[in-house]
Amino acid sequence: MKQLGPVGGFAPGTVTQVWVDDEPVAVFHLDDGRLCATSDQCTHGNGLLSDGFLCGSEIECPLHQGRFDVVTGRAVGVPCTQDVRTFALSVDDGVLWLHTQEATP
């Protein structure tokens with residue numbers, strides 16, 4: 001597990017890039033209060049999802065406008081066809097933790 005900091009540091013409706021070992025991870029704080037995390041690397045190209053446009057529970061890659069559901073990791077908009085890796089998050093005593101193993105939807 002990796003400590004990401006106080007959960008209050010992740011404002012609703014935002015995407016934050018964090019690093020886990022040598023991998024960039026995108027942490028999403030959805031408007032409905034849910035926290036989700038995926039690999040920050042688009043599966044279609046070299047775009048960083050943390051630079052994309054978050055709308056509801058979908059992130060749009062800034063390079064080719066492909067979209068992913070950040071809750072499930074599912075590719076939901078062309079040209080993206082391969083799902084993105086997801087990570088489980090937990091909150092303990094007001095601190096956000098990222099579980100380094102892949103989450104199961």
Side-chain angles (χ1 to χ4, degrees):
M1 283 198 312
K2 177 174 173 75
Q3 182 178 349
L4 302 181
V7 72
F10 298 86
T14 64
V15 183
T16 304
Q17 183 189 67
V18 298
W19 285 83
V20 177
D21 299 321
D22 292 331
E23 181 180 2
V25 172
V27 177
F28 305 90
H29 191 165
L30 305 181
D31 286 330
D32 64 9
R34 290 182 291 173
L35 291 156
C36 308
T38 70
S39 171
D40 199 15
Q41 182 72 46
C42 177
T43 58
H44 174 259
N46 290 325
L48 292 176
L49 298 179
S50 60
D51 290 336
F53 176 72
L54 183 62
C55 183
S57 64
E58 293 184 3
I59 187 73
E60 182 178 276
C61 176
L63 291 185
H64 301 105
Q65 290 71 52
R67 292 184 326 280
F68 298 93
D69 181 308
V70 301
V71 177
T72 64
R74 174 168 271 142
V76 295
V78 292
C80 299
T81 57
Q82 182 180 352
D83 297 346
V84 69
R85 182 179 178 192
T86 60
F87 297 90
L89 296 172
S90 61
V91 177
D92 184 28
D93 227 3
V95 176
L96 184 62
W97 292 85
L98 183 135
H99 301 259
T100 52
Q101 76 277 7
E102 191 165 347
T104 52

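Numbering of residues begins at 1 and proceeds along the displayed sequence.
Atoms CG and NZ, on Leu89 and Lys2 in that order, are 13.0 Å from each other to the nearest 0.5 Å. Interatomic distance, Ser90 OG to Leu96 CG, rounded to the nearest 0.5 Å: 7.5 Å. Between atom OG of residue Ser39 and atom CZ of residue Phe68 there is a gap of 9.0 Å, rounded to the nearest 0.5 Å.
With sequence neighbours excluded, the residues forming a side chain to side chain contact (heavy atoms under 4.5 Å, CB included) with Val76 are Glu58, Arg67, Asp69, Arg74, listed by chain and number.
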Checklist entry - Yes or no on side-chain contact (heavy atoms from CB on, under 4.5 Å) for Glu23 and Gln41, after CA distance, side-chain angles and deciding distance? => result CA-CA 9 Å; Glu23 181 180 2; Gln41 182 72 46; over 6 Å; no
Item to check | Test side-chain contact (heavy atoms from CB on, under 4.5 Å) applied to Leu30 and Val71, step by step | outcome: CA-CA 10 Å; Leu30 305 181; Val71 177; 4.1 Å; yes
Checklist entry - Going through the distances and angles, do Val15 and Val27 end up as a side-chain contact (heavy atoms from CB on, under 4.5 Å)? => result CA-CA 6 Å; Val15 183; Val27 177; over 6 Å; no
Item to check | Verdict with reasoning, Leu35 to Val91, per side-chain contact (heavy atoms from CB on, under 4.5 Å) | outcome: CA-CA 10 Å; Leu35 291 156; Val91 177; 4.2 Å; yes
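Hydrophobic clustering (ILVMFWY, side-chain heavy atoms < 4.5 Å, transitive): Leu63 and Ile59 are in distinct clusters.
Shown here for Val70 and Cys36, the closest heavy-atom pair between the two residues is O-CB, 3.5 Å. Across all non-hydrogen atoms, the minimal contact from Thr38 to Phe28 is OG1-CE1, 3.4 Å.
Surrounding CG of Asp32 are more than 12 heavy atoms belonging to other residues, nucleotides or ligands, all under 6.0 Å away.
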Could you list the donor-acceptor pairs under 3.5 angstrom formed between side-chain atoms of residues 42-56 and any protein atom two or more places apart in sequence or on another chain?
unit_1 : atom_1 : unit_2 : atom_2 : d
Thr43  : OG1    : Gln82  : O      : 2.6
His44  : ND1    : His64  : ND1    : 3.2
Ser50  : OG     : Asp40  : OD1    : 3.2
Ser50  : OG     : Asp40  : OD2    : 2.8

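The backbone N or O of Phe10 lies less than 3.5 Å from a partner atom in the side chain of His29, making a donor-acceptor pair.
Cluster partners of Met1 are Val95, Trp97, counting Ile, Leu, Val, Met, Phe, Trp and Tyr whose side-chain heavy atoms approach within less than 4.5 Å, directly or via other members.
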